[in-house]
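These numbers come from the heavy atoms of this one structure, side chains and all, not from hydrogens, waters or symmetry mates.
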Amino acid sequence: MNNQISPFFLLLLLLPLWASCADRKVYIVHFGEQHNGYKTLHEIEETHVSSLSSIKETEEEARNSLLYSYKHGINGLAALLTPEEASKLSEMDGVVSVYASNPTKYSLQTTRSWEFVGLDEGEEPKWNHHFKTERELPLKAGYGKGVIVGVLDSGVWPESKSFSDEGMGTIPKLWKGICQTGPGFNSSHCNKKIIGARYYVKGFETYYGRLNATEDFRSPRDVDGHGTHTASTVAGRVVHNASAYGGFAAGTASGGAPLAHLAIYKACWAIPNQEKANGNTCFEEDMLAAIDDAIADGVHVLSVSIGTTEPITYDQDGLAIGAFRAIKKNIVMACAAGNSGPAPSTLSNPAPWIITVGASTLDRAFLGPLVLGNGIKIMGQTVTPGKLDKAHPLVYAGDVAAHGVLRNQTNQCLPNSLSPKKVKGKIVLCIRGAGTRIEKGMEVRRAGGAGFILGNSKAYGNDIPADAHVLPATALGYNDALKVLKYIRSTKNPTAIIEKAHTLLRHTPAPSMASFTSRGPNTVDPNILKPDITAPGVNILAAWSGGSSPTKLSSDHRIVEYNIESGTSMATPHVAATAALLKAIHPTWSSAAIRSAIMTTAWTKNNEGNPITDSFGKIADPFQLGSGHFRPAKAADPGLVYDASFKDYVQYLCGYDHDGTHKKRFGCPKKPEPTYNLNYPSIAVSKIKETAVIIKRSVTNVGDENSIYFFTAKPPFGFSIEASPSVLYFDRIDQKKSFNITVRARNFGMAKKIYKDDYAFGWYTWTDNYHYVRSPIAVSVG
């Protein structure tokens, strides 16, 4: 008898092992509030290892499976587990939740803006109790001196002039962070501006394998450009004579808090074997580790220009979980609402302890005139230096398809879709949609085109991006694109000229909402109105990485010091900078008070005095702009604030609890408060089932010592709004007053028909005739 084991039998033995390895993925595990009596960080980590050892065969296997032990503000871990192991772990005492990390869940949401909102440089008047001009806030705040802003992103390009530490103050004594080194980044790259830098790559490498050194730096250095752009927007130094592409947006570049210190947390990485223009990916376990360290390091504000493509419940949302721990340390966290607009119910980062930021335009345009052969001049936008002074034949991309390419694929100028015979020497009108905007121009250039017009489809309205194209080009809104197409169709030999582009300031109307900014209602909890605020996020000039071209395409070899980008990613650091300035002026204010001040002082009018509109010209509602467009200087003196403690958020989660998770975790009362009773600066009540609903609120006096505030309101159509009491008397600072808001349907049956699948909007205000503490309202009837 042959005693040797046959290869086939050996294969059968190994199959379960291979299957087990194949099934393993990263799981995020959260434990209870306390660290079970353990005090040192080592003891906490050992308890995490012990938990894993109970489901692994050996302690060594448990340690090898552990990616991160979260032990500062967060009590949890990230580990490589099989579904069976994750299930066993979820049943253990003290384990609150276990869920799989999703590698596609999170991504980056990608000078004049500060002047536009009144914080430009120049002679600064002395500050007194009430601001006389909008310019006084930065001076009083010391331009953010002593405040530490953490930026969770793709890293930083430290050589940029925006990160010079010349004239910076000393590093705050509370700072406990480190300067982590690696390829392309050494300890000398940290200074009094960039006081710390870390990187987090374990989750990324578990999924994609070892980081490719030719695609990214395994260090805090930024190859992408996104992290450098956001960091310089929030706290970049004053840099004179900054511009992009040979003179566009020329002027002084500065972050909103130029003397604040920066702490860099790199947790977003280039996706292997893809164009960088397709974006980075940010793994949940890596971001949680970054937030955990930021809490221990001593940051005051976290700027997070990262979001999801669709809403996620709090217990499955790493950013929401991390932010919940951050507020316990009174850290303000501003996050991007997302770039999935204009569709409704698309916003990310909906947790009420996060400041959720939407994007709007500012009053600067980069005009790229297009002159048609019939003499009509259309003002497009571009930051492309090239021009076509002589008339060139004009064609529509849908008419110049390469052989075998479908017409609906050709009108968008996708790669290899155009016929060189039909395109050579001509200007091509391409439609915005599939593919990147820059790649459309590259396709026109490949086919021999002389110039390029990027026309918006109806979905994008008149929201026009200003891009640095690779050939003479301009971009048009939907209505103007239709004019060009109509001209092409009505003329035997259509021609056009693309004139030299230039920068125009004080452009009107501004702001307006960007078409891409994600919208409410908040599907995670419809009783919390989101987004919270909007800020400039379209065509923002800021510092850029020397490791990436302005378009981030491999075929683009240009290197720029400053770049123009759009996205809620660009809006978020504007609000984070405002939070840093408010921290400098009001160091004892809670994160909730700072959010309240930013929200209740926001403005809903544009620079023509009319309501802010969306990219289609319709009046924007609170699901687009939240409380309105931020006004940093006004936020420093809001009069009243809606404050909330960590305990208040815990009680909120008790009301939000649907599966008993939070009841087990926090010991919730049998009948918790409805979630709309969280002391929030806005009101949303979804599917009212009665004639009237009563909402509880309280305000804290941070204005004048002796003051009287009166209630005014503009009710949603078909409803009435009353406050009880309707007058608030204060005789000291920090005094709190509670009140009830009653929202009543005038005709409940009629309201139910009108608002069955829709919302009605209104607002209410407390005013002492100097401060106007304004809150938006959204209601629906179910």
Side-chain angles (χ1 to χ4, degrees), residues 35 39-42 44-45 68-78 144-156 158 163 165 168-182 185-187 189-202 219-222 227 230-231 234-235 257 259-268 282 285-306 318-319 321-335 353-354 573 576-577 579-580 583-584 587 590-591 594 646:
H35 289 299
K39 296 180 180 180
T40 69
L41 298 181
H42 175 72
I44 296 168
E45 184 167 340
Y68 294 108
S69 174
Y70 309 127
K71 49 188 179 288
H72 300 297
I74 303 167
N75 185 12
L77 59 87
K145 183 178 180 181
V147 177
I148 302 170
V149 180
V151 179
L152 179 56
D153 213 294
S154 64
V156 70
F163 306 122
D165 70 346
M168 286 288 298
T170 57
I171 297 174
K173 292 182 179 179
L174 63 85
W175 174 248
K176 297 181 179 64
I178 63 171
C179 187
Q180 189 175 9
T181 60
F185 201 95
N186 57 52
S187 59
H189 289 125
C190 291
N191 53 26
K192 288 185 287 186
K193 164 54 75 174
I194 301 174
I195 63 174
R198 298 176 185 259
Y199 67 93
Y200 306 83
V201 73
K202 291 180 181 178
S219 76
R221 181 170 288 278
D222 176 28
T230 56
V234 69
L259 292 185
H261 304 281
L262 281 169
I264 303 300
Y265 300 90
K266 180 179 178 179
C268 300
C282 317
E285 53 270 30
D286 294 334
M287 294 190 297
L288 271 171
I291 296 172
D292 194 45
D293 279 339
I295 293 170
D297 289 346
V299 303
H300 298 104
V301 177
L302 268 170
S303 182
V304 184
S305 293
I306 299 169
L319 286 180
I321 293 167
F324 185 70
R325 297 303 175 185
I327 60 163
K328 198 170 186 180
K329 297 292 185 180
N330 208 24
I331 297 169
V332 182
M333 191 157 156
C335 296
W353 46 87
I354 288 174
K583 274 281 187 182
S590 69
S591 59
I594 287 175
F646 182 76

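H189 and F185 have tilted rings, their planes meeting at an angle from 30° to 60° on a 0 to 90° scale.
Across every non-hydrogen atom of E285 and A78, the tightest pair is CB-CB, 3.6 Å. Smallest separation of non-hydrogen atoms from G169 and K192: O-CD, 3.6 Å.
Taking 4.5 Å as the limit, some side-chain heavy atom of L288 sits within range of a side-chain heavy atom of I74. Contact of the I291 side chain with the Y265 side chain is not registered, since no non-hydrogen atoms from C-beta on lie closer than 4.5 Å. The closest side-chain heavy-atom distance from I148 to L174 is below 4.5 Å.
Separation of atoms NE2 (H261) and CE (M168) is listed at 4.5 Å; rounding is to 0.5 Å.
D292 is linked by a salt bridge (Lys or Arg N to Asp or Glu O under 4.0 Å) to nothing, counting only residues two or more places apart in sequence or in another chain. Applying the side chain to side chain donor-acceptor pair (under 3.5 Å) criterion to S591, with sequence neighbours excluded, gives no partner residue. Scored by the side chain to side chain donor-acceptor pair (under 3.5 Å) test, E45 finds K71 as partners (sequence neighbours excluded).
K266 forms no cation-pi arrangement with Y200, by the criterion of a distance under 6.0 Å to the ring centre and an angle within 45° of the ring axis.
Under the 3.5 Å distance criterion, with hydrogens and angles disregarded, a donor-acceptor pair is assigned to the side chains of Y68 and D286. Under 3.5 Å, the side chains of N330 and S590 contain no donor-acceptor pair of N or O atoms. Residues N186 and T181 bring no donor and acceptor atom of their side chains to less than 3.5 Å of each other.
For F646 and F324, the ring centers are positioned less than 6.0 Å apart.
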